[in-house]
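Everything numeric in this text was worked out from a predicted model, so none of it was measured. Labels below follow one simple rule: chain letters A, B, ... track the order of the sequence lines, proteins then strands, and each chain is numbered from 1.
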There are 2 protein chains.
Amino acid sequence: MSRVLVVDDDVQLLRALRISLRAAGHDVVTAPDGTTAVREAAAAHPDVVVLDLGLPDLDGTEVLAGLRPWFTGPVLVLSARADSRDKVAALDAGADDYVTKPFDMAELLARLRAAVRRGSAEPGQAVVVTDSFTVDLAAKQVTVDGVAVRLTPTEWALLSELVRNPGRLVGQRQLLQSVWGPAYERETNYLRVYLAQLRRKLEPDPAHPRYLHTEPGMGYRFTP
Amino acid sequence: MSRVLVVDDDVQLLRALRISLRAAGHDVVTAPDGTTAVREAAAAHPDVVVLDLGLPDLDGTEVLAGLRPWFTGPVLVLSARADSRDKVAALDAGADDYVTKPFDMAELLARLRAAVRRGSAEPGQAVVVTDSFTVDLAAKQVTVDGVAVRLTPTEWALLSELVRNPGRLVGQRQLLQSVWGPAYERETNYLRVYLAQLRRKLEPDPAHPRYLHTEPGMGYRFTP
DNA sequence: GCCGGACGTCAGGATCGCGTCAAGGCACCC
DNA sequence: GGGTGCCTTGACGCGATCCTGACGTCCGGC
């Protein structure tokens, strides 16, 4: 059916999840901590990730941050913490659902079904190529005319959000929210400053952009 | 930001949700029972639905069944029942998330953000095609004879409202309200000006419109 | 034939949004 | 302590966009 990456350090729970998921027809890959989780996600190309927040090495949101730039499938978060602030933080960090332990297995499977059903879109290209530059979402690398270009973290976050929606208009609110957070939805000058920097670094003629277009009053659009 | 249809029979809760959602930048439409919910969903074209399962007239799954054949956006279910069998039933009936009452407002908003974020990643089933132009509602892009045409925010808002109701008459009040807001219901000259601009940009012969028709005294109609 | 209402067209001026630049604050590394 | 990037913030000019009013046209009613 679909491949699931399960990230948890509890061996008992891992076993139970593996059995139930297999019985439901899924292909299961597991990881015991955050670093192997990110590595496995890149290697095994899962369709969906089940992620425990209480990992020994990394914080849950760090794992999410490591996955989200290039992993477009659904991420279902497991956690022992029921505080709504934790839930909000995880959801805004890119999680698609949040289930508190202890949980009912039937419910988890149903939530997984719902997530997969919705996320059944195309897996998403990890490398985006244009005539003048290349963006490797997995490796976080940009090359212009074959030579690597250094981007600051903010520039990268902005570019990847645009590149992940090729041809589509991305609203200013969506950009601001995904790069700076929900509290910065009005700071449209940030977009102007950083779009200018990206154009200066990527566009052949920054004054007349060919790939990073502005739609006045609405947002920006990356056209391959 | 996006339009939310809230379905609940609890007036208190409805009020609280309306206030919080408005504050979060959403456009809010409400319905007190299942039958009006389905009707409102068809009329108002919400981006996401928040649905209480305990409605006076219909069962929650019946409402879901009424929505799902054509409504492709996310549906977030509210319910007082915490039993996992209820959750499984609702999720498998087409719900994207299930929140038990009483709930934390911040968490609900975060789950809504997550649902909308994922729902907007869905590829454009929402493309309307005519012989001379195409409208991609998801990408917010219009092409005439294959070449992209730039629309201003107002033009786009007007066109999308018309295109979302293909073949149907859209009243002047509805257009004015959805584009300019409830305070502009009498300013019918706005419609004349912007319809003219849209025809100039889209119609093969703007003087004799083939797709954007005027119904004198009533409104306008888009015929594919 | 006359008249009123509703629509289409046009142009001009106020306003808004965007690109650009530069300066200040901050963290981090040497 | 000095230096280097990076992020934030403000100011400015310019072009696009929106609103507004005036005028012409069409059509049904009287």
Quick one: are B:V6 and B:V29 in side-chain contact, heavy atoms under 4.5 Å?
-> no
A:L176 CG to D:dT8 C1', straight-line distance once rounded to whole Å = 13 Å
Does A:D83 pair with A:R85 as a salt bridge, N-O distance under 4.0 Å?
-> yes
May I ask you to verify if any side-chain N or O of A:W180 is less than 4.0 angstrom from the OP1 or OP2 atom of D:dC7?
-> no
With sugar-phosphate meaning primed atoms plus P, OP1 and OP2, does B:Q172 contact a base, only sugar-phosphate, or nothing at under 4.0 Å between heavy atoms?
-> sugar-phosphate
Classify the nucleic acid contact of A:Y220 as base, sugar-phosphate or nothing, counting any heavy atom under 4.0 Å across all strands shown.
-> sugar-phosphate
Just how far, in rounded Å, is C1' of D:dT9 from CZ of A:R186?
-> 19 Å
Looking only at side-chain N and O atoms, does B:T152 come under 4.0 Å of OP1 or OP2 in D:dT17?
-> no
Rounded distance (Å) that lies between atom P of C:dG17 and atom CZ of B:R150 = 14 Å
Separation of atom CG in A:N189 from atom P in C:dC16, rounded to whole Å = 16 Å
B:D97 bridged to A:R111 by N-O distance under 4.0 Å = yes
Check each residue of residues 193-219 of chain A for a non-hydrogen atom within less than 4.0 Å of any atom in DNA chain D, then write out the ones that pass by number, or none.
-> A:V193, A:Y194
Rounded interatomic separation in angstrom, taking OH from A:Y184 and P from D:dT8 | 6 Å
A:T188 versus A:R173, side-chain donor and acceptor atoms under 3.5 Å = no
Whole Å only: how far is the CZ atom of B:R221 from the P atom of C:dC7?
-> 15 Å
Between C1' of D:dC18 and CG of B:L151, the distance in whole Å = 15 Å
How about A:W156 and A:Y194: are their ring centroids closer than 6.0 Å?
-> no
Select one nucleotide: of D:dC19, D:dT8, C:dG19, the one nearest the side-chain heavy atoms of A:R192.
-> C:dG19
With the threshold set at 4.0 Å, does a side-chain nitrogen-carboxylate oxygen contact exist between A:D131 and A:R210?
-> yes
Look at the aromatic rings of B:F222 and B:F133 and report parallel, tilted or perpendicular, splitting at 30° and 60°.
-> tilted
D:dC7 C1' sits how many Å from A:L191 CG, rounded?
-> 14 Å
